[in-house]
Amino acid sequence: MVKKKILVTGGAGFLGSHLCEQLLREGNEVVCLDNYFTGQKQNVVHLLENPFFELIRHDVTMPFFIEVDEIYNLACPASPIHYQYNPIKTVKTSVMGAINMLGLAKRIKAKVLQASTSEVYGDPEIHPQTEDYWGHVNPIGPRSCYDEGKRVAETLFVNYHKQNNVRIKIIRIFNTYGPRMHPRDGRVVSNFIVQALNGEDITIYGDGSQTRSFCYVDDLLDGMIRLMNSREDFIGPVNIGNPGEFTMLELAELVLKLTGSRSKIVYLPLPADDPTQRQPNIELARKELGWEPAIPLEEGLKKTIDYFKAIV
Ligand code: NAD
Ligand code: UDP
């Protein structure tokens, strides 16, 4: 296999660190760029001994110059509490980050992949979600800094492609979980596991009937790398996620069962604009990438619980 030089923005985060690891495993040179807002050096410290790995502190809202063959643009806080902490910065990260990475890709003729999200569908009226659904997003709600930022990033990607022939790929990631999620990241899988392991109350927001479809990190990365390597004229957007759909109450009960915890479930107010349902239609990924997830929720949760047992 040809060794490629690859830039991963947001490479010290949950998904980015696994991606750096996998790309190195495949024999590539990897440059990891991160400002450590939600990521941590700890996630990639074990890679620093590898001479084909480089770690750079940089913020994607500022231009960055490097010679690489491919760029995976993952830099952006992904958890609602973190992306709502400084909403203006979240928009800047998505939009200026996309402009900077697309400008770089244009100049050096690199291929560039955007980590987009199922949040572009907002609180969806079409279920399961197909890529041709335009979405149902509140442009002024608490999630809009993330949703609209990611939507503009998609707009920038397709227009750099049309106008400047930049080689692009857009992946729409559905809720992904696994080892290296930050224990206080605030996302539901990490929250429930940490609460169960510590014997704290399991916090369900709302009545727990809202649904999500959870994808294990290894499956997600397989889909992401397949997309980067897919035929030149397939640019996406393509949904990558596990169609297994669960209510938050079902998730809480499964976590309690798998941890053997005696934590009790408590109900807290549902945050504004929290999507009521979410499930990917993955026919396009099946057809174009020959991809489908292999790891069911229970199996992925067991691996994730083992990880958290060692750190909390
Ligand atoms: P994460 O928060 O663990 O990782 C994001 C990384 O980006 C962190 O290391 C953070 O420090 C870095 N970052 C944030 N702002 C930056 C900036 N301005 N400059 C440089 N680095 C910056 O989240 P994750 O789950 O690994 O998500 C990675 C990407 O995938 C994000 O773009 C996210 O929107 C997207 N995504 C993730 C999911 C999921 O379920 N995990 C779902 C949909 C989309
Ligand atoms: N959620 C919950 N308890 C928590 C954290 C989240 O019930 O401690 C709910 C949240 O309201 C949402 C779902 O779990 O309905 C998924 O939340 P997460 O923040 O993981 O992702 P997103 O809402 O962005 O899909």
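For ligands, and for the atoms within them, numbers begin at 1 and follow the listed sequence.
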Whether over 12 other heavy atoms sit under 6.0 Å from Arg286 CZ: yes
Heteroatom proximity flag, Thr93 to ligand 1, N/O under 3.5 Å: yes
Taking atom 13 (C) of ligand 2 as the reference point, the nearest protein heavy atom with its distance: Met248 SD, 3.7 Å
Atoms of ligand 2 close to Pro80 [distance to a heavy atom under 4.0 angstrom, numbered from 1]: 19 (O), 24 (O)
Top protein contact for atom 22 (C) of ligand 1, by heavy-atom distance: Asn35 OD1, 3.0 Å
Asn281 side-chain N/O to Pro128 backbone N/O, donor-acceptor pair under 3.5 Å: no
His58 touching ligand 1 at heavy-atom level, < 4.0 angstrom: yes
Any donor-acceptor pair under 3.5 Å from Ser79 side chain to Asp185 backbone: yes
Protein residue, atom and distance nearest to atom 41 (N) of ligand 1, heavy-atom basis: Arg187 NH1, 3.0 Å
Proximity winner for atom 22 (P) of ligand 2, if only heavy atoms of Arg143, Arg187, His82, Gln210 are counted: Arg143
Exam field: side chain Asn100 to backbone Met96, donor-acceptor pair closer than 3.5 Å: yes
Heavy atom of Tyr83, distance to ligand 1 below 4.0 Å: no
Atom 4 (O) of ligand 1: the protein heavy-atom neighbour that sits closest, reported with distance to 0.1 Å: Gly13 CA, 3.6 Å
Cationic N near anionic O, under 4.0 Å, Lys257 to Glu298: yes
Asn175 to ligand 1, any heavy atom closer than 4.0 Å: yes
Atoms in ligand 2 flagged as close to Asn191, the criterion being non-hydrogen separation under 4.0 Å: 4 (C), 5 (C), 8 (O)
Main-chain N/O of Phe37 paired to Asn35 side chain as donor or acceptor, under 3.5 Å: yes
Polar contact flag for Pro77 and ligand 1 (N/O pairs, less than 3.5 Å): no
Nitrogen or oxygen atoms of Asp59 and ligand 1 under 3.5 Å apart: yes
Side-chain ion pair, Lys89 and Asp59, N-O less than 4.0 Å: yes
Val189 and ligand 2 - part of the residue with a heavy-atom distance under 4.0 Å: neither
Contact list for residues 148-205, test ring pair (Phe, Tyr, Trp, His ring centres under 6.0 Å), sequence neighbours left out: Tyr177-Tyr216
Atom 28 (C) of ligand 1: nearest protein contact (heavy atom, Å): Leu74 O, 3.7 Å
Minimum non-hydrogen distance to atom 18 (P) of ligand 2, winning option of Val188, Thr203, Leu270, Val266: Val188
Atom 34 (O) of ligand 1 [closest protein heavy-atom partner, distance rounded to 0.1 Å]: Tyr146 OH, 2.6 Å
